[in-house]
S.K.: 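Please see the structure below; I have some questions.
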Amino acid sequence: MNMKKKLSIFTALAVFQAFAVGSVNAQSTQQGDTTSVNTANVESVEVLKQEQPIAEREVKTESNNKSISTPSSEAKETKTSTGDQATTKTDSEKPALDGEEATTDATGTKPEVQEEVPEKVETPATPAEIEQPSIDGTSPVAAGGNLTLYMNSNKMEQDGKTYLAGQPMAVKNGVSYVAIRALVDRVGYGVKYDNKTKETIIISGDDELRFKTNSKDYTVNGETRTMKGPAYQQKNTFMVPLTSITQALNITYKVNQSAKTVVLNLNTKPVASFTITQKEIFAGDTVDYVTSNSSPNGLDIVDERWTGRQDSFDQAGTYTISYQVQDANGQWSDPYSITIEVMTPNLPPVAMFATDKEQYKMGEKITYTDQSTDDENNIVKAVWENNPLAFFEPGPKTVTLTVTDNHGATNTYSKVITITNETLYSFTDFNLLFTPVGQKFTFNGGEVTTMEKVPYTYMDEPSLLIRSNSPETVNTEGIVYKESSSGQTRFMIHHVNNTGKRVKMYVIATNNNPNPAVFEQQNMGFAGPTPYATVAGKLSIDKWFKSIQTGADQKKEYLQPGESKLILTELNKTPMKEGQVISLYSDAYSDYSLDYNVILVEENKDPFEALPLLPVLDRDGVHNRGTYPNATRIIKYDEHVGLKPARLPLGDNSSDPNLVGTDPMAYTDASNAGNFGVLYKITLTNVAPRTLISFNPRGGKYSGVALVNNQLVSIAEGNVAVANSSEQSVLYRTGSIGESVTILFSAAPGSNLPVNLLFTPLPSEK
């Protein structure tokens, strides 16, 4: 062989070595400031020998017919270079991953780079199996599956094949390093070098990692991160901490110390999934599929296949649908499957009702029985038209019922009944007898003022009422109430947000005593935020009474001397929008006097930081605020009621005088108009047989609840209010014998007072 051919062999082998070690030097193709890594400096024959397959190999020259051989696979020792000295690795040495302490070698020093040739390779690598960049500089495609790295060795295994890195996996200062080019080629990522920034770049789909020699900092998609150790060059091979790549690209791995391996999970399969937009699918319906797919390596998805997919299913039953996609490398994803239940097409409900008779007298009670059906037994709404409990005009009457199922299908049924010219009950007598508890009826409200008042007396129980209700409409941030209290305390808080911002209300308790204090929340009634004041007021009273019944809202807060805490935290769970109302009722107890601040601030502000800077807000001149002692009023009446029409007034400031207290912020006396916040415990020990007890507002519209013989009764059910003094809502009817009746009542915020409890003898039944 002539000298020119001989040099060309060595040159070709040297170029091959440059690709194998991932060098970023020498010849490159310019692309702006970024250069694809294609070539490297030609290294010596000794370096070249390390890159050959693990088995004895020879490179022959024509001139002397001699061989230059690498160590054989039978070698038992691993040499570690440390300066000019070489030491022999012993079995006691233990390689480390990032953050682990490397073990020392036989000389007692920690090896920086440990090279190891395995004793035996089951399937020797061939030159074609050794990692090689392609001629155009792109990375070879990864074979997929797991990649096994051998500690202190340049050996790598993937899919049953062996590959050699430019340098062994090494440990420096307790950090494990790998040859970057060898690793990313096996993973299937791209590598570039930026001449301008002097950075080595790894590209994985949309992800970009940038490394610099001798720097601990690297960037992931422009975000700077810090490695456990700096990147460095080792014999023209760029070395980086292993976990800098695995963490940035979410590559999981397992360490086997006994086998001295690190196994990287390289799931290169694409991922496929899909959803079906319909929550329920009926036979014959068009099925909407929404697919999602991606490639971990950022490859294009080029194909898809379905199993069991149908645009519509003709028959009801259970069906399994599977979806797969294929990436540009030809690799298919695992099937993604969904099992669906196709139901028989929905049938609309069937509206139907019956009446106990076909013909009625005027004022005769009509019993309606809803007999509607649905194929799924799921009727969600029934709307009646013209179905009063009795008619008071003769003639044919058409009653209609419309029902709706959970799919929105509706059906309507109508029936005609006949009302004769005969009268069974008058309008008034019928309503007294048959209007259900919790519902209202109209009457001559002027008759109420002619009824005798029940001449009751009362006594008050100690309970300090803190009524925060002015300014009811709050226009700016500030302190709406502040007070100190110990022992039994009741909070009534009712406000509207008019600040133009989203705000929160808080109650802050501060212990300014030298001793620890306890705050006990005994019950809680909170409603809102809502645009409707009457709704918030009614719901807060409703929940308060339920809490009194169940005791479900009890909790304690312990406050150290000088400590402040949020209490009644239901109040500040949800921000109030402009125009929304909150309403709160709660009873509490503290063993020491606590200072309370009720504040309103923007929703994102810290209430404790804001409190010292908040102004105390003025009253609005219309609504009431104040601190009132003895806020539980006990009424016990032992004489007969119900033998003749009578009334028991509440909140009238006559029979039921207003509580007297103070406005601690205005330093004035205060009168609790309407006695909002007062809990009335009314016991009537001698209610006559066949007596109707009803609720009649005298100051305007009212919506609330009462607790009658421990049963919660709505004062007009649903969202209906007792609109005026000519309406009454049924609370209770006694039976054929006299009874003792107990009523708990408190005026609902947002409603009007005074009110009357009416006691009316029932007419005889016919």
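Hydrogens, waters and symmetry mates are skipped; everything else that's a heavy atom, side chains included, is used. Note that the numbering runs from 1 along the sequence shown for the chain.
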S.K.: Do any N or O atoms from the side chain of N709 and from the backbone of T742 form a donor-acceptor pair under 3.5 angstrom?
M.R.: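 Yes, because the side chain of N709 sits within donor-acceptor range (under 3.5 Å) of the backbone of T742.
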S.K.: Quick test of your reading: applying ring-ring contact (aromatic ring centres under 6.0 Å, His included), list the pairs with at least one residue in residues 516-558, sequence neighbours left out, ordered by first then second residue.
M.R.: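 Qualifying pairs, neighbours excluded: W544-Y585.
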S.K.: Please examine the side chains of S729 and S694, heavy atoms only from C-beta on, and report whether any two atoms are closer than 4.5 Å.
M.R.: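 No, side chains not in contact.
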S.K.: Tell me the ring-ring contact (aromatic ring centres under 6.0 Å, His included) pairs involving residues 718-766, sequence neighbours left out?
M.R.: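 Found F695-F745.
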S.K.: Is any side-chain heavy atom of P763 less than 4.5 Å from a side-chain heavy atom of F430?
M.R.: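 Side-chain contact under 4.5 Å: no.
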S.K.: Ring centres of F353 and Y413 under 6.0 Å apart?
M.R.: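 Distance test on ring centres: under 6.0 Å, yes.
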S.K.: Before giving the answer on salt bridge (charged side-chain N to carboxylate O under 4.0 Å, His left out), spell out for R625 and E483 the whole-Å C-alpha distance, their side-chain angles and the decisive distance to 0.1 Å.
M.R.: CA-CA 11 Å; R625 76 180 184 193; E483 183 56 282; over 6 Å; no
S.K.: Do N498 and N475 get their side chains close enough for a donor-acceptor pair, meaning under 3.5 Å?
M.R.: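 Their side chains do contain a donor-acceptor pair, which is all the 3.5 Å distance test asks for.
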S.K.: Who are the side-chain hydrogen bond (donor to acceptor under 3.5 Å, both in side chains) partners of T373, not counting sequence neighbours?
M.R.: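 For T373, no residue satisfies side-chain hydrogen bond (donor to acceptor under 3.5 Å, both in side chains) once neighbours in sequence are set aside.
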S.K.: Tell me if a side-chain donor or acceptor on D542 pairs with a main-chain N or O of K546 at a distance below 3.5 Å.
M.R.: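 Side chain of D542 to backbone of K546: no pair is present.
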S.K.: Might you work through the side-chain contact (heavy atoms from CB on, under 4.5 Å) test for R647 and R698, ending with a clear yes or no?
M.R.: CA-CA 12 Å; R647 63 192 176 102; R698 304 308 295 177; over 6 Å; no
S.K.: Evaluate K365 against E765 for salt bridge (charged side-chain N to carboxylate O under 4.0 Å, His left out), listing each step before the verdict.
M.R.: CA-CA 11 Å; K365 185 181 178 183; E765 292 191 37; over 6 Å; no
S.K.: Working to the nearest 0.5 Å, report the span between CG of D587 and CD of Q554.
M.R.: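 Atom-to-atom, D587:CG and Q554:CD are 11.0 Å apart.
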S.K.: So if I apply the side-chain contact (heavy atoms from CB on, under 4.5 Å) rule between D620 and each of V622, D618, L617, which one comes out positive?
M.R.: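 Of the listed options, the one satisfying the test is V622.
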S.K.: May I ask you to say whether E364 pairs ionically with K766, meaning some side-chain N is under 4.0 Å from a carboxylate O?
M.R.: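 Result for this pair is no, no salt bridge flagged.
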S.K.: Taking ring-ring contact (aromatic ring centres under 6.0 Å, His included) as the cut-off, I'd like each qualifying pair that reaches into residues 638-662, sequence neighbours left out, listed once.
M.R.: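 Qualifying pairs, neighbours excluded: none.
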S.K.: Using the side-chain contact (heavy atoms from CB on, under 4.5 Å) rule, take V678 and Y628 through it: C-alpha gap first, then chi angles, then the decisive distance, then the call.
M.R.: CA-CA 9 Å; V678 173; Y628 303 102; over 6 Å; no
S.K.: Okay, side chain of T734, backbone of T691: is any donor-acceptor separation there less than 3.5 Å?
M.R.: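 It does hold such a pair.
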S.K.: I'd like to know whether Y456 forms a side-chain contact (heavy atoms from CB on, under 4.5 Å) with L684, so could you lay out the CA-CA distance, the side-chain angles of the two residues, the decisive distance to 0.1 Å, and finally the verdict.
M.R.: CA-CA 10 Å; Y456 68 88; L684 307 165; over 6 Å; no
S.K.: Start with the C-alpha distance between R633 and D656, add both sets of side-chain angles, then the distance that settles salt bridge (charged side-chain N to carboxylate O under 4.0 Å, His left out), and finish with yes or no.
M.R.: CA-CA 10 Å; R633 186 153 285 183; D656 178 33; 2.6 Å; yes
S.K.: Please check: side-chain N/O of S671 versus main-chain N/O of A673, any donor-acceptor pairing under 3.5 Å?
M.R.: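 Checked: no pair found.
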S.K.: Measure the spacing between CG of N724 and CG of N752 and express it to the nearest 0.5 Å.
M.R.: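 Taking CG in N724 and CG in N752, the distance rounds to 11.5 Å.
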S.K.: Taking E472's backbone N and O only, do any of them form a donor-acceptor pair with S470's side chain (distance below 3.5 Å, no angle check)?
M.R.: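 Not at all, since once roles are kept as given, no pair shorter than 3.5 Å links the two residues.
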S.K.: Can you sort out the partners of E461 under side-chain contact (heavy atoms from CB on, under 4.5 Å), two or more places apart, ordered by chain and number?
M.R.: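 side-chain contact (heavy atoms from CB on, under 4.5 Å) check on E461 returns T632, I634, K681.
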S.K.: Could you list the donor-acceptor pairs under 3.5 angstrom formed between side-chain atoms of residues 435-442 and any protein atom two or more places apart in sequence or on another chain?
M.R.:
from: T435; atom 1: OG1; to: N431; atom 2: O; distance (Å): 3.1
from: T435; atom 1: OG1; to: N431; atom 2: OD1; distance (Å): 3.1
from: K440; atom 1: NZ; to: A721; atom 2: O; distance (Å): 2.9
from: K440; atom 1: NZ; to: E727; atom 2: OE1; distance (Å): 3.0
from: K440; atom 1: NZ; to: E727; atom 2: OE2; distance (Å): 3.4

